[in-house]
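Worksheet: one structure, shown below.
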Amino acid sequence: MVNESSSSPGSSNCTHLFVRHGICFACKAKVSCVQGRPFGYLFSGLHLSHEAVSFTKHLTTLISLYGQRKLHLVIDLDHTLIHSVRTSNLSKAEKYLIKEEKSGSRKDLRTYKDRLVKFRPFVKEFLTEANKLFTMFAYTRGGSTYGHAIVRMIDPNKTYFGDRVITRKESSGTKTLDLVLADERGVVIVDDTLDAWPHHKRNLLEITRYLYFRNDKRFKRPGLSYAERKSDEGRSERALVYLLKFLKQVHNGFFTCGLEDELDFKDVRCLIKGPLKPHRC
């Protein structure tokens with residue numbers, strides 16, 4: 001049901017599919033209530049009706065598959081692409097990192113307020129290559145300010161994610177593909193936490209949790225941390241390297257169908273058969 005606080009010619013027959021800041025795109029009427037979902041992370045004040053969400057997901061997927069030969073990739077931030085910790089929680093053997101970050105000698109370290117942020121090995125190369133095959137969304141349970149700050153660190157020019165950053169502000173509970181404007185049949189999810197996606201297991205690829213620092217709010221790494229040992233994921237254990245290899249296989253499997261008409265029916269979930277943890281990820 002839609003409530004209008006004012007009307008304009010033709011507005012009585014308008015279903016108000018797309019509304020922004022309370023104004024219908026089509027009829028320009030003021031709309032006080034729309035059944036559907038807000039998509040303010042894409043455009044401030046944007047609200048789509050249920051019908052508009054369904055239509056946009058379908059159209060976006062067709063354009064992506066036929067026009068760009070791309071699937072969609074939804075990827076977690078914390079413990080997947082980065083690891084961050086409060087500087088006050090650094091162990092004595094990790095304190096040297098503060099000086100290294102300030103000196104600029106470490107390109108894989110950044111600070112955000114009172115936190116030290118470490119990029120996962122191969123993250124830049126991963127995003128560069130994955131961007132050729134997927135339209136990417138960043139999805140974090142972190143706050144909006146934090147999530148956008150982390151994405152700006154790893155994607156300062158909005159080359160990979162654009163404005164497609166979903167945070168706790170838009171999704172306070174479990175993570176959901178309802179907020180991703182693409183059909184589920186063309187979406188791959190990458191996360192270190194399976195329980196975060198209770199309704200989308202078939203789309204889900206699990207990646208090994210990245211723990212660089214010793215003390216973490218939710219997880220503790222046994223033994224010395226990478227930071228304490230002044231090391232990191234070795235070349236043979238870099239999870240993002242093997243993840244990229246698997247994603248390329250999925251992309252090739254989806255698009256090597258021979259007949260373009262088959263793209264109308266192909267489902268990436270049949271290739272993933274998730275939840276799945278790819279080899280050495």
Side-chain angles (χ1 to χ4, degrees), residues 73-87 89-91 93-112 115-134 136-140 142 146-147 149-157 159-161 165 188-194 204-251 276-281:
L73 179 66
V74 178
I75 192 161
D76 175 51
L77 293 177
D78 290 288
H79 304 108
T80 296
L81 296 182
I82 60 101
H83 187 205
S84 73
V85 69
R86 294 184 185 277
T87 53
N89 287 338
L90 289 171
S91 69
E94 295 173 333
K95 296 287 187 182
Y96 72 94
L97 292 169
I98 298 175
K99 184 180 294 185
E100 289 193 355
E101 192 282 327
K102 287 183 178 179
S103 71
S105 62
R106 292 281 299 272
K107 303 299 182 184
D108 58 347
L109 285 175
R110 297 286 192 279
T111 55
Y112 169 73
R115 303 187 73 86
L116 194 60
V117 180
K118 170 66 171 63
F119 298 168
R120 195 169 199 161
F122 199 68
V123 67
K124 290 288 187 180
E125 295 87 344
F126 171 82
L127 292 175
T128 298
E129 292 301 310
N131 189 51
K132 299 174 183 178
L133 309 175
F134 297 86
M136 293 189 286
F137 289 72
Y139 202 140
T140 176
Y146 171 78
I150 296 300
V151 171
R152 282 196 299 272
M153 290 179 190
I154 60 179
D155 185 18
N157 299 317
T159 302
Y160 311 122
F161 296 108
V165 182
V188 180
I189 303 167
V190 174
D191 206 310
D192 68 286
T193 306
L194 296 181
L204 184 57
L205 298 179
E206 182 185 10
I207 190 168
T208 301
R209 184 168 292 127
Y210 183 52
L211 295 171
Y212 182 76
F213 306 103
R214 170 179 285 279
N215 297 315
D216 187 281
K217 183 179 180 180
R218 292 186 294 157
F219 310 104
K220 290 189 180 296
R221 180 184 176 91
L224 294 176
S225 67
Y226 284 132
E228 290 170 326
R229 287 185 279 140
K230 297 187 177 182
S231 65
D232 212 331
E233 286 184 339
R235 184 172 296 276
S236 63
E237 60 179 356
R238 290 184 181 177
L240 291 178
V241 173
Y242 294 100
L243 174 63
L244 179 63
K245 181 179 179 181
F246 184 80
L247 288 174
K248 286 182 176 179
Q249 293 173 354
V250 170
H251 184 274
L276 173 69
K277 186 168 186 176
H279 178 60
R280 304 187 81 167
C281 286

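No side-chain donor from either of Ser91 and Arg214 sits under 3.5 Å from a side-chain acceptor of the other. In the model, Tyr146 has no side-chain atom that pairs as donor or acceptor with a side-chain atom of Thr140 under 3.5 Å.
Judged as a side-chain contact (heavy atoms from CB on, under 4.5 Å), and not counting sequence neighbours, the contacts of Val190 are Leu73, Ile75, Thr80, Leu205, Ile207, Leu243. Remark: His79 engages His83, Phe219 in a ring-ring contact (aromatic ring centres under 6.0 Å, His included) (not counting sequence neighbours). Checked against side-chain contact (heavy atoms from CB on, under 4.5 Å), Leu194 has the following partners two or more places apart in sequence or in another chain: Lys201, Leu204, Glu206, Pro275. Checked against side-chain contact (heavy atoms from CB on, under 4.5 Å), Val241 has the following partners two or more places apart in sequence or in another chain: Phe122, Arg238. Judged as a side-chain contact (heavy atoms from CB on, under 4.5 Å), and not counting sequence neighbours, the contacts of Glu101 are Leu109, Thr111, Leu116. The salt bridge (charged side-chain N to carboxylate O under 4.0 Å, His left out) test applied to Asp108 returns Arg106, Lys118, not counting sequence neighbours.
When all heavy atoms are compared, the tightest approach of Ile154 to Pro156 is C-CD, 3.6 Å. In plain terms, the two heavy atoms of Asp155 and Lys124 that are nearest each other are N-NZ, 4.5 Å. Closest of all the heavy-atom pairs between Ala138 and Leu77 is CB-CD2, 4.1 Å. Here the shortest heavy-atom pairing between Ala227 and Leu97 reads CB-CD1, 3.6 Å.
With rounding to the nearest 0.5 angstrom, the OH atom of Tyr210 is 7.5 Å from the OH atom of Tyr226. One distance of note links SG of Cys281 with CG of Asp192; it measures 12.5 Å at 0.5 Å rounding. Taking CZ of Arg115 as the reference point, atom CZ of Phe213 lies at 9.0 Å (rounded to 0.5 Å). We find the CZ-CG distance between Arg209 and Asp78 to be 11.0 Å, quoted to the nearest 0.5 Å. Distance check, rounded to the nearest 0.5 Å: CZ of Arg120 to CG of Leu211 gives 8.5 Å. Going from atom NZ of Lys245 over to atom NE2 of His279 covers 8.0 Å, rounded to the nearest 0.5 Å.
Using a 4.5 Å heavy-atom threshold, the side chains of Tyr212 and Val85 count as separate. Side-chain contact between Phe246 and Leu276 is present, with heavy atoms from C-beta onward closer than 4.5 Å.
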Begin with the C-alpha distance, continue with both residues' side-chain angles, and end with the deciding distance and a verdict on side chain to side chain contact (heavy atoms under 4.5 Å, CB included) for Asp76 and Thr193.
-> CA-CA 9 Å; Asp76 175 51; Thr193 306; 5.8 Å; no
Take Thr208 and Lys277, measure what side chain to side chain donor-acceptor pair (under 3.5 Å) needs, and give me the verdict at the end.
-> CA-CA 8 Å; Thr208 301; Lys277 186 168 186 176; 3.3 Å; yes
Under the side chain to side chain contact (heavy atoms under 4.5 Å, CB included) rule, what do Phe119 and Lys107 come out as? Steps first, then yes or no, please.
-> CA-CA 9 Å; Phe119 298 168; Lys107 303 299 182 184; over 6 Å; no
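Proximity of a side-chain donor or acceptor of Asn215 to a complementary backbone N or O of Asn89 within less than 3.5 Å is detected. For the pair Arg280 (side chain) and Tyr242 (backbone), a donor-acceptor distance under 3.5 Å is absent.
Heavy-atom contacts from other residues, nucleotides or ligands closer than 6.0 Å to NZ of Lys95 number more than 12.
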